[in-house]
A.B. asks: 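Sharing a structure below in structure tokens format, with a few things to ask.
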Amino acid sequence: MPTQNLSTTELPLIGATDSTPDVVDGLAFAKLYGEPLFKLPNDLYIPPDALEIFLEAFEGPLDLLLYLIRKQNFNILDIPMAQVTQQYLLYVDQIRKHNLELAAEYLLMAAMLIEIKSRMLVPSNKVHEGEEADDPRAALVRRLLEYEQMKLAAYDLNSIPQLGRDFLHAQVFIEQNTILHWPEVRVADLQQAWADVLGRAKLVAHHKISREELSVREHMSSILRRLQSNKFVEFADLFDPSRGTPVLVVNFVALLELAKETLIEITQAEAYAPIYVRLAYAPV
């Protein structure tokens, strides 16, 4: 709700003898159009409304009335209408000189206060026994109490931390296109891929007994040579099931040794996707 600053004090015109010294410590106290000014001009005119001092701020007639009551510790259920009305009218007279449109809203409340005051001076009509006469102030008191409750509720709501006023959300923007995120290859995925290779090897295996000396280093070199000519090679393509299980085992051990020595990278685009192998360094 916008706040209206109503009471002001004016700065009087300068017509008396100017006591400003010609030179203050050898320095000019101001500049006018870039030139040093050591003394105020004799024909200087200051408008009456050049300086305004804002005293109290009120949000409407009810706010002003509640302020007068609370400031003097009056009982809101038993308002002394004579004192409050007099103080209210003095305030309205001040704002009428500066803002007639704003004073119109306050004049309506002033008329209501004068009406209540006049009704309290007139003797009340006789009422039946056991009944109390109507208090002319009852409607005004009810409005003041409701306004005060709403004002206190507004203060409570305003004390709650608000986004943009009391705190801000921290946000960090990262360019996703410049960052490559390779999914982690889990051990279970590697085991499953190895099981699939062994399963295909058993389908084409022949029962024969032979003795063959297999070298892990030789298979490591063979894998590196194959990866140098291909950017990515699927995990299963690095194994030849027709050569039998012993060769597959040695080839798999060679693949693990290369990964351990960080010579190759084992990657996967997403979960359950094919596993690929590539060199971890740029070939010469």
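Throughout, numbering of the chain's residues begins at 1 and tracks the sequence.
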A.B. asks: Which distance, rounded to the nearest 0.5 Å, do you find between the CG of Asp93 and the OH of Tyr88?
C.D. replies: 11.5 Å

A.B. asks: Tell me, with the steps shown, if Met109 and Met112 meet side chain to side chain contact (heavy atoms under 4.5 Å, CB included).
C.D. replies: CA-CA 5 Å; Met109 176 61 71; Met112 182 183 299; 4.2 Å; yes

A.B. asks: Sequence neighbours left out, what passes side chain to side chain donor-acceptor pair (under 3.5 Å) with Asp78? Give chain and number order.
C.D. replies: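 Scan of Asp78 (side chain to side chain donor-acceptor pair (under 3.5 Å), adjacent residues dropped) gives Arg137.
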
A.B. asks: Assess the residue pair Leu62 and Leu66 against the criterion (side chain to side chain contact (heavy atoms under 4.5 Å, CB included)); give the C-alpha distance rounded to whole Å, side-chain angles, the decisive distance to 0.1 Å, and a yes or no.
C.D. replies: CA-CA 6 Å; Leu62 283 177; Leu66 186 63; over 6 Å; no

A.B. asks: Would you name the heavy atoms of Ile76 and Val141 that are closest together and state the gap between them?
C.D. replies: O-CG2, 3.2 Å

A.B. asks: Of all residues at least two apart in sequence or in a different chain, which pass the side chain to side chain donor-acceptor pair (under 3.5 Å) check with Gln192?
C.D. replies: Asp196

A.B. asks: Out of curiosity, does Met120 fall in the hydrophobic cluster containing Ile114 (side-chain heavy atoms, cut-off under 4.5 Å, transitive links)?
C.D. replies: no

A.B. asks: Do Ser118 side-chain atoms and Glu115 backbone N/O form a donor-acceptor pair below 3.5 Å?
C.D. replies: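 Indeed, once roles are kept as given, a pair shorter than 3.5 Å links the two residues.
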
A.B. asks: Could you check whether any side-chain heavy atom of Leu256 comes within less than 4.5 Å of a side-chain heavy atom of Leu190, counting everything from C-beta outward?
C.D. replies: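 Side-chain contact under 4.5 Å: yes.
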
A.B. asks: Side chains of Gln72 and Gln87: donor-acceptor distance under 3.5 Å anywhere?
C.D. replies: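 Yes, Gln87 and Gln72 have a side-chain donor paired with an acceptor closer than 3.5 Å.
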
A.B. asks: Are Phe74 and Ile79 joined in one hydrophobic group, where the rule is that I, L, V, M, F, W and Y side chains link up if heavy atoms are under 4.5 Å apart?
C.D. replies: yes

A.B. asks: Please walk me through it: do Leu65 and Leu113 pass side chain to side chain contact (heavy atoms under 4.5 Å, CB included)?
C.D. replies: CA-CA 10 Å; Leu65 193 58; Leu113 294 176; 4.0 Å; yes

A.B. asks: Give the C-alpha distance, both sets of side-chain angles, the deciding distance and a yes or no for side chain to side chain contact (heavy atoms under 4.5 Å, CB included) between Tyr91 and Tyr67.
C.D. replies: CA-CA 12 Å; Tyr91 188 87; Tyr67 169 78; over 6 Å; no

A.B. asks: Could you tell me whether the side chain of Glu257 reaches within less than 4.5 Å of the side chain of Glu261, counting heavy atoms only?
C.D. replies: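 Yes, their side chains come closer than 4.5 Å.
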
A.B. asks: Taking Asn251 for the side chain and Val247 for the main chain, is one N or O donor matched with an acceptor at less than 3.5 Å?
C.D. replies: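 Side chain of Asn251 to backbone of Val247, a donor-acceptor pair under 3.5 Å: no, none is there.
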
A.B. asks: Return the set of residues passing salt bridge (Lys or Arg N to Asp or Glu O under 4.0 Å) with Arg165 (not counting sequence neighbours), or none when no residue passes.
C.D. replies: none

A.B. asks: Would you say that more than 12 heavy atoms from the other residues, nucleotides or ligands in this model lie under 6.0 Å from the CZ of Phe167, or not?
C.D. replies: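 Yes, enclosed.
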
A.B. asks: For residues 266-279, which residue pairs qualify under side-chain hydrogen bond (donor to acceptor under 3.5 Å, both in side chains), counting only residues two or more places apart or in two chains?
C.D. replies: Glu265-Arg278

A.B. asks: Indicate the atoms forming the closest heavy-atom contact of Ile275 with Ala193, along with that distance.
C.D. replies: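 So the minimum-distance heavy-atom pair works out to CD1-CB, 4.1 Å.
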
A.B. asks: Glu148: which residues meet the salt bridge (Lys or Arg N to Asp or Glu O under 4.0 Å) condition with it, sequence neighbours left out?
C.D. replies: Arg70

A.B. asks: Report yes if the side chains of Leu258 and Val277 come closer than 4.5 Å at any heavy-atom pair, otherwise no.
C.D. replies: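 Counting from C-beta outward, Leu258 and Val277 never come under 4.5 Å.
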
A.B. asks: Could you report the tightest heavy-atom contact between Ala201 and Leu248, atom names first, then the distance?
C.D. replies: CB-CD1, 3.1 Å

A.B. asks: Under a single-linkage definition using a 4.5 Å side-chain heavy-atom cutoff for Ile, Leu, Val, Met, Phe, Trp and Tyr, are Leu89 and Leu140 assigned to the same hydrophobic cluster?
C.D. replies: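 Different clusters: Leu89 never reaches Leu140 through Ile, Leu, Val, Met, Phe, Trp or Tyr contacts under 4.5 Å.
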
A.B. asks: Do other residues, nucleotides or ligands put more than 12 heavy atoms under 6.0 Å from the CZ atom of Arg143?
C.D. replies: no

A.B. asks: Determine the interplanar angle of the Phe235 and Phe252 rings, folded into 0 to 90°, and report it as parallel if under 30°, tilted if 30 to 60°, perpendicular if over 60°.
C.D. replies: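 Because their plane-to-plane angle is over 60°, the rings of Phe235 and Phe252 count as perpendicular.
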
A.B. asks: Look at the side chain of Ser222 and the backbone N and O of Glu218, then say whether any donor-acceptor pair between them is shorter than 3.5 Å.
C.D. replies: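 Judged by distance alone, no pair lies under 3.5 Å.
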
A.B. asks: So which atom in Ala280 and which in Thr262 form the shortest heavy-atom distance, rounded to 0.1 Å?
C.D. replies: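 Closest approach of Ala280 to Thr262, heavy atoms only: CB-O, 3.4 Å.
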
A.B. asks: Under the side chain to side chain contact (heavy atoms under 4.5 Å, CB included) rule, collect the residues that match up with Ala254, sequence neighbours excluded.
C.D. replies: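 Per chain and number, Ala254 pairs via side chain to side chain contact (heavy atoms under 4.5 Å, CB included) with Val216, His219, Met220, Ile223.
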
A.B. asks: Please determine whether a side-chain nitrogen of the Lys or Arg among Arg243 and Asp240 lies less than 4.0 Å from a carboxylate oxygen of the Asp or Glu.
C.D. replies: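 Salt bridge: no.
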
A.B. asks: Tell me the closest heavy-atom pair linking Ala259 and Ile266, and the distance in Å.
C.D. replies: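 Closest approach of Ala259 to Ile266, heavy atoms only: CB-CD1, 4.2 Å.
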
A.B. asks: Taking 4.0 angstrom as the limit, do Asp63 and Lys151 come out as a salt bridge?
C.D. replies: yes

A.B. asks: With the 4.5 Å side-chain cut-off for hydrophobic clustering, are Val253 and Phe239 part of the same group?
C.D. replies: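 Linked, Val253 and Phe239 end up in one cluster.
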
A.B. asks: Give the minimum heavy-atom separation between Val84 and Leu68, together with the two atoms involved.
C.D. replies: O-CD1, 4.3 Å

